[in-house]
Every structure is written in structure tokens, then in C-alpha cells.
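The analysis underlying the following values was restricted to heavy atoms, covering all of them including side chains, and did not include hydrogens, waters or symmetry mates.
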There are 2 protein chains.
Amino acid sequence: MATASPAQDTRSAILSAGQAIMGRKGYSGVGLTEILTAAGVPKGSFYHYFASKDAFGEAMVAAYFEDYLAGMDAIIARSGLTAAERLMLYFADWRENQVAYDCQGRCLAVKLGAEVADLSEPMRLALKAGTGGVVSRLEAMLRAGIADGSLRFEGHTGDVAASLYNLWLGASVMVKIERSHEPFEAALRTTRRMLAMSRA
Amino acid sequence: MATASPAQDTRSAILSAGQAIMGRKGYSGVGLTEILTAAGVPKGSFYHYFASKDAFGEAMVAAYFEDYLAGMDAIIARSGLTAAERLMLYFADWRENQVAYDCQGRCLAVKLGAEVADLSEPMRLALKAGTGGVVSRLEAMLRAGIADGSLRFEGHTGDVAASLYNLWLGASVMVKIERSHEPFEAALRTTRRMLAMSRA
DNA sequence: AGGAATGATTAGACCGGTCGTCTAGAGCGT
DNA sequence: ACGCTCTAGACGACCGGTCTAATCATTCCT
């Protein structure tokens, strides 16, 4: 009982195999068989853990954002940095992860957002909850940056946080399309300009 | 010979049915049969006009951007407007089109970008050419706006054009996810701020 | 302690739909 | 009448998600 039960292991094995493969090939383009084979789990087990592919997708997105937001919180909790530095660290991580694998990054919001939002209501809501969490954390960092004087900007904090996220989301799509990291560099320059930051 | 040949009609019927359906359901999620039924074209004809689903996708994206860029050029060519007004007109159109159909807009760059870029090299290149055309037209509008004094901004024109596009691309994804037009309103405010525009 | 019962997990069959192909034949211009 | 473009839709091989039946581990009762 000390560690996770085998049932949980199987379940999360399916989940993480799904994240890896669907992050690469999308949702509709991937069959359960491929995920289950990769996870080393027999096909019949699937419907013991998930009611349908759709329900699986929902759980996968939720699990993805749980980890993702925990990572953000870790950056936010880091001591000895200004808010501006933490924000730059976050975007540097974003760029790093998304440029990996030959510019075919694995962020599920980027990869699945447009595809799945019109397809499945549960997945859409999971995506909405997750991205909402990201934006509200960005907003908190912006507020902290005003408080500690490390950055400044015009307009509502909520607008700026959302726009920053949208900018990086769009840049991530363009990185895939152009297969070049240049969109991220431009996004970085724009981010700095929007936040009146000196070259951090 | 005055009008398009019937062959061209059939071909473009398949193309436009494909745009409508794949704009809604994505690429992998749609079968040829569905498109051909909608177009009223029998299945056998398909492979006379296109070598494969992949080649069809490439042609579809190319055709989409041809129309799209023609629409942009029409806005650019319109007389009696400042560059800033033309730019606002463009983004207003974007918002309009994307909010239609209950926030499940039909822009193929938004819908297919992330899904297809990692899947098919020909489609990726078609997407790259199309989005490149959009950004370079935005850039031209920005230069015109500087020239006629209707807007001003800091940074390289190319960066600003690309960032504007990324911002709206990301906002379009978020509109799908949130099923609310609010991301566009925020993007509009940010756009105006970036370009030092008064409430046009 | 032995064995039956219970619930978790697996195995693989199942039907329907996928893309892509292929053989005919219809329609048209020459 | 001939040749060529285009249409027609059946077909095959395969893969999709789903479900029912059997197996396994565990627990509880006698």
C-alpha cells in the first residue's frame, strides 16, 4: 500500500502514453490500439478504466494540466527572483519544450485546442479549466511584477495576461508550421516590450 | 470555354466541401466519403483529381489561402481609409468570421495548423506559404500606417506583424476553447495599445 | 484452513467505417 | 466511329471503438 496500486499504475501508464502520442499526432489521428500497445496494456483493459475514448481524452487533458500547473507553481514559488525573472523563466521553459523534437512540441493545449474544442464538450471544458489556470497564474505574476517594480504595463492585468498567453499559443502553432524557432524569438521581444522590461 | 469547365466545377466542389467540413471537424476526423457525399461527387472521381487525401489537403489549404489573401488585398486596396482603419477592418472581419457558427470558426489556419503541421509535409508547406502571405500583408499595412501617420509602434515591423498574427491566432483557439468572444475583445484592446491607436 | 464468491482485470471477437484501388462504362469532341 | 476525359461504385485490406465472456486475485464464510 506504500506505493500506487497496480490499477493506478496501469491507468496512468495509459494516460501518459496517450499524452506522448496524441501530443505528436493529435486526437482523431490516433487509435486506442496504438496507445495501449505503447503502454503495454492489453486492449480489453481500456474500458475498465475509461468509459470511452472521449472520457479518456478528458482525463488525459486534466492530468496534463495538473502536472503543467504544478510546474508553473514551482516557478512561482522559487525564491530569490523578481517576478519579471520568473516570468522569463516560464516563457523560456515554454520555448524550450516546444522547440524540442524538431519543433513538434508536445503541449496539449497547442496541439489539441483547435482540434478538440469543437469535437467534444468534456474535453473542451478540461481545456478551458487548464488554460484558465495558466492565465490566472500569469496574471498573478504580472501583479507581483508591478508590486516588486520589476515590470510595468498599460491596460487591465487580465487583458495583458490573456494576450500574453494568446501570443505564445499562436507562436507555438507558427513554430510548428514554419518549423523554426523564430516565432518564439519574436514573441519574446514583443513580450519584453509589452512589459517594459530591459533585456533580462 | 468562357466559364470554368465542368471538370473544374467538380474539382472545386470537392475542394469547397472539404474546406467547410474540415474547417469544422479537422483533417484526420473526416473521411473522403463524407466530403464527396456533401459535394455530390461519386467516390471514384476523387482520385482522378487528387492523388491522395494528403494531396487533396494540400490543394485545399492552398485554395483556401488564395481566397483569403484575395480578401485581404481587397481590404488593402480600398480607398478613402487610413491604414489603421483598414487594419481594424481586417481584424473586425476576422472576429466576425471566427465567432460565427457558435464560436466554431472556419479559419483553416486556426483549425488545421497544429494538427496537420506535424502530419504532412506538403500541407505544412501550404500552411507556411499562406500564413507567410498574411503576415507580409500585415507588415505592409503597418508600414502604410507609419507613412500616413495613423499608427505608430516600437520594434521591428516584421516582429510586430508576426506578433499581431500570433496574438489573433492564439485568441482564435481560445475562443474555440472558451466558446466566448471575449478573447477577441482582449486581443482587440491589446492590438490598439500596441499600435498606439485611439479608439478607432 | 479450504473453498466459494466477489470484484478487478484481460482477451479477443465484432461490426462498421477508413483510405485507396480497380474495372467498366458514360459523355464528349473530333 | 474513335479516343480521351471523367464518372461510377463495388471491392479489399485494414483499423476504429465497443462489448461480452472468461480469467485472475482477493476476501470472506464456514
Nucleotides 19-27 of chain D: which of its N/O atoms have a protein N/O under 3.5 Å away?
none

Any salt bridge linking [X] with [Y]? Criterion: basic side-chain nitrogen under 4.0 Å from a carboxylate oxygen.
X       : Y       : result
R179(A) : E121(B) : yes
E178(B) : R124(A) : no
K111(B) : D118(A) : yes

Rounded to the Å, how far apart are [X] [atom1] and [N] [atom2]?
X      : N       : atom1 : atom2 : result
L32(B) : dA8(D)  : CG    : P     : 16 Å
I35(B) : dG20(C) : CD1   : C1'   : 14 Å
L36(B) : dT21(C) : CG    : C1'   : 14 Å
F50(B) : dG20(C) : CZ    : C1'   : 15 Å
E34(A) : dC14(D) : CD    : P     : 17 Å
F56(B) : dT18(C) : CZ    : C1'   : 16 Å
K53(B) : dT21(C) : NZ    : P     : 14 Å
F46(A) : dA11(C) : CZ    : P     : 16 Å

Handout entry: Heavy-atom side-chain proximity of R95(B) to V175(B) below 4.5 angstrom
Key =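 No, too far: nothing below the 4.5 Å cut-off.
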Output yes when at least one side-chain N/O atom of [X] is less than 4.0 Å from OP1 or OP2 of [N], else no.
X      : N       : answer
T10(A) : dT9(C)  : no
T33(A) : dG16(D) : yes
H48(A) : dT9(C)  : yes
S45(A) : dT9(C)  : no

Exercise for the section: Assess whether atom CD of E154(A) is packed by more than 12 heavy atoms of other residues, nucleotides or ligands within 6.0 Å. Expected result: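 Open.
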Problem - Out of dG20(C), dT10(C), dA8(D), whichever nucleotide has its closest atom nearest the side chain of P42(B) - result: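 The nucleotide sitting nearest to the side chain is dA8(D).
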Practice task
For the residue pair S28(B) and S28(A), confirm or rule out a side-chain donor-acceptor distance under 3.5 Å.
Solution key: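 Per modelled atom types, S28(B) and S28(A) side chains form no pair under 3.5 Å.
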Exercise for the section: May I ask you to check if R24(A) and Y101(A) form a cation-pi contact, with NZ or CZ under 6.0 angstrom from the six-membered ring centre and within 45° of the axis? Expected result: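 So R24(A) doesn't make the cation-pi contact.
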